[in-house]
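Numbered from 1 within each chain, the chains take letters A, B, ... in sequence-line order.
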There are 2 protein chains.
Amino acid sequence: MLTQTGEYALRAMVYMARKPGEGFCGVKEIAASTGVPANYLAKILQQLARSKVLDSQKGFGGGFRLNRPREEITLFDVIDPLERVEKFDQCVLGQRLCNDQVACPLHETWKAIRGQYLGSLHSTTLQDIADFRSKAELLDPKFTAPALSKR
Amino acid sequence: MLTQTGEYALRAMVYMARKPGEGFCGVKEIAASTGVPANYLAKILQQLARSKVLDSQKGFGGGFRLNRPREEITLFDVIDPLERVEKFDQCVLGQRLCNDQVACPLHETWKAIRGQYLGSLHSTTLQDIADFRSKAELLDPKFTAPALSKR
DNA sequence: AGCGAAACGGACCTGATTATCCTATTGTCG
DNA sequence: CGACAATAGGATAATCAGGTCCGTTTCGCT
C-alpha cells in the first residue's frame, strides 16, 4: 500500500506537525521518537527538503522543519516525491488501450480504488493530523497532557 | 498499490476467467496473451495452485484451470496468497497500540482507504470481470468478437 | 514401453529498495 | 578564530522482489 520509505516519511512529518513551536528538529530526535533508522531517515528528509516540503538548516541547533503552514501540506505532498505514483495511471492488466471508452475489465473497479486512495492523500493535511485526538484522549483528561492549542 | 506479481496473477486469472470452455490452459498460452514472462508466470500459477485457487495438471494437454466457478473467486482470493496483505492491519505510523479507541492520528484516514481497497477486492469476482463489456464493445458490434485471442 | 509435452522445484542472477558508514560542509557559540 | 554540532552527500553493504535456467516428475499419446 505504501513503501517503507513512504511510511517513514509520514511518521516523521506527523511528528514534526504535532510538535509545538517553530524550531528545527534534529534527525536524531525524530528518529528516536518514531523508531526510524536515523541514517536512512536523514536521506528521506533530505529528499523532502529538496522537493520543497521541508526546510533544512545545518550547524548547531539545525535540523528540519516544515516549509509551509501545516494546513498547506497534504499527505500527497509527502508521498509523491518518494514513490512512483505515476504508476497508478497505468492499466492494471497492462492493456495498451484502457480508458473510459475502451476499458479493461478492471478499469472501473480500479479507478474507484485509486480515486479513493489519491483523494484521501490529497484532502488530508498535516493540520488534520496534528489536530487529531483519539476517543480515549477525548474522554480521559490524562491523555490531553502533550497539549496543543489552536483550533 | 499492487506488486508486479499481484498484477501478473490478476492478468492470468482474468484471461482464464474470460476463456470459454473448461479445459486446462498452458502457461505459454497465457503468457503469450497477457505479456507476462512465461517462466515467472509459471511460478505464480504454481503458488495459486498450492493455495487452492487453481487446479494444475502435468503432462501432455495439461496446464491450469480455475478450481471453482468464476463467481466464487474474488480478487482477494487471487492477491492474498501472493502479497503480505496482513501488513494492512498494522498501524501506518508504527504505533504498537492503534485501534478504534487509542488511535494514531492517521488511523481513521487509513482505515477508510484500506477498507475501500479490501472491500473492492472482496466484492469483485472473476464472474464480474468475465462479464464486463466496455462502452465501445456495447456500442459497436465489431468489439463483441472474442477480444482475447493470439497465438 | 518409449517419446514428448507440460508442470514442478531448486539454484541462481539482477536490479531496486532499504540501510549503514564515512567525510565534507556549514552553521553556532565561546 | 577555533571547537563543536548538525546536515549534506557519496560510497558501500544487505535484503528482497522479480526473473531466468535447468533438471525432475508426471502425464497423454502412439
Side-chain angles (χ1 to χ4, degrees), chain A residues 1-12 15-16 23-67 79-87 90 92 94, chain B residues 1-12 16 23-67 79-87 94 151:
Chain A
M1 200 79 187
L2 209 59
T3 65
Q4 191 69 288
T5 302
E7 186 185 315
Y8 286 166
L10 229 43
R11 289 196 208 174
Y15 176 80
M16 283 190 272
F24 289 98
C25 306
V27 168
K28 277 190 218 149
E29 172 193 343
I30 305 174
S33 298
T34 57
V36 177
N39 289 316
Y40 191 55
L41 179 60
K43 294 273 182 266
I44 298 172
L45 295 182
Q46 282 163 29
Q47 275 190 264
L48 290 177
R50 263 182 250 125
S51 61
K52 309 298 179 200
V53 178
L54 293 177
D55 279 332
S56 69
Q57 174 73 39
K58 288 188 180 181
F60 190 95
F64 296 88
R65 76 176 167 201
L66 305 185
N67 196 17
I79 304 298
D80 186 44
L82 301 170
E83 309 194 0
R84 306 126 301 139
V85 181
E86 348 77 59
K87 247 214 134 197
Q90 294 167 21
V92 210
Chain B
M1 200 78 187
L2 207 59
T3 64
Q4 191 68 311
T5 302
E7 186 185 314
Y8 286 166
L10 230 43
R11 289 197 208 174
M16 283 190 272
F24 289 98
C25 306
V27 167
K28 278 189 216 148
E29 172 193 343
I30 305 174
S33 298
T34 57
V36 177
N39 289 317
Y40 192 53
L41 180 59
K43 293 272 185 263
I44 298 172
L45 295 182
Q46 281 164 29
Q47 275 191 264
L48 290 177
R50 263 182 250 124
S51 61
K52 308 298 178 200
V53 178
L54 293 177
D55 278 333
S56 68
Q57 175 73 39
K58 288 186 180 180
F60 190 97
F64 296 88
R65 75 176 166 202
L66 304 185
N67 197 18
I79 304 300
D80 187 43
L82 301 170
E83 309 193 2
R84 304 128 303 141
V85 182
E86 348 77 61
K87 247 214 136 196
R151 199 182 194 177

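- The two atoms that bring B/Y40 and B/T5 nearest to each other are OH-OG1, 2.7 Å, heavy atoms only.
- In this structure, A/L41 places its CG atom 11 Å from P of D/dA8, rounding to the nearest Å.
- Side-chain atoms of A/L45 and A/L54, non-hydrogen and from C-beta on, do get closer than 4.5 Å to each other.
- B/F64 has its side chain out of reach of B/C25: every pair of non-hydrogen atoms, C-beta onward, lies at least 4.5 Å apart.
- A heavy-atom distance below 4.0 Å to DNA chain C is reached by none of the residues of residues 2-10 of chain B.
- For B/K43, the side-chain atoms get nearest to D/dC21 when compared with the rest of D/dG19, D/dC21, D/dG9.
- Shown for residues 27-38 of chain A: residues whose heavy atoms fall under 4.0 angstrom of DNA chain C, namely A/P37.
- In this structure, A/M1 CE and B/E83 CD are separated by 11.0 Å, a value rounded to the nearest 0.5 Å.
- Atom OH in A/Y40 sits roughly 19 Å away from atom C1' in C/dC22 (whole-Å rounding).
- Residues B/N67 and B/V53 have side chains not in contact (no heavy-atom distance under 4.5 Å, counting atoms from C-beta outward).
- Contact detail for A/I44 and A/A9: the closest heavy-atom pair is CG2-CB, 3.8 Å.
- Of the residues near DNA chain D, B/N39 and A/C25, the one whose nearest nucleotide (by heavy atom distance) lies more toward the 5' end is A/C25.
- Across B/M16 and B/R65, no two heavy atoms sit closer than the pair SD-CA, 4.2 Å.
- Considering every non-hydrogen atom in both A/A12 and A/L41, the closest pair reads CB-CD1, 3.9 Å.
- Tested against B/L82 for a side chain to side chain contact (heavy atoms under 4.5 Å, CB included), the candidates B/L48, B/T3, B/L2, B/L10 yield a single pass: B/L48.
- Judged purely by atom type and a 3.5 angstrom limit, B/S33 has no side-chain atom pairing as donor or acceptor with the backbone of B/I30.
- Contacts between residues 44-60 of chain A and DNA chain D, counted as heavy-atom distances below 4.0 Å, involve A/Q46, A/R50, A/S56, A/Q57, A/K58, A/G59, A/F60.
- Side chains of A/T34 and A/Y8: no donor on one and acceptor on the other come within 3.5 Å.
- Note on B/F24: nothing from the nucleic acid sits closer than 4.0 angstrom, heavy atoms only.
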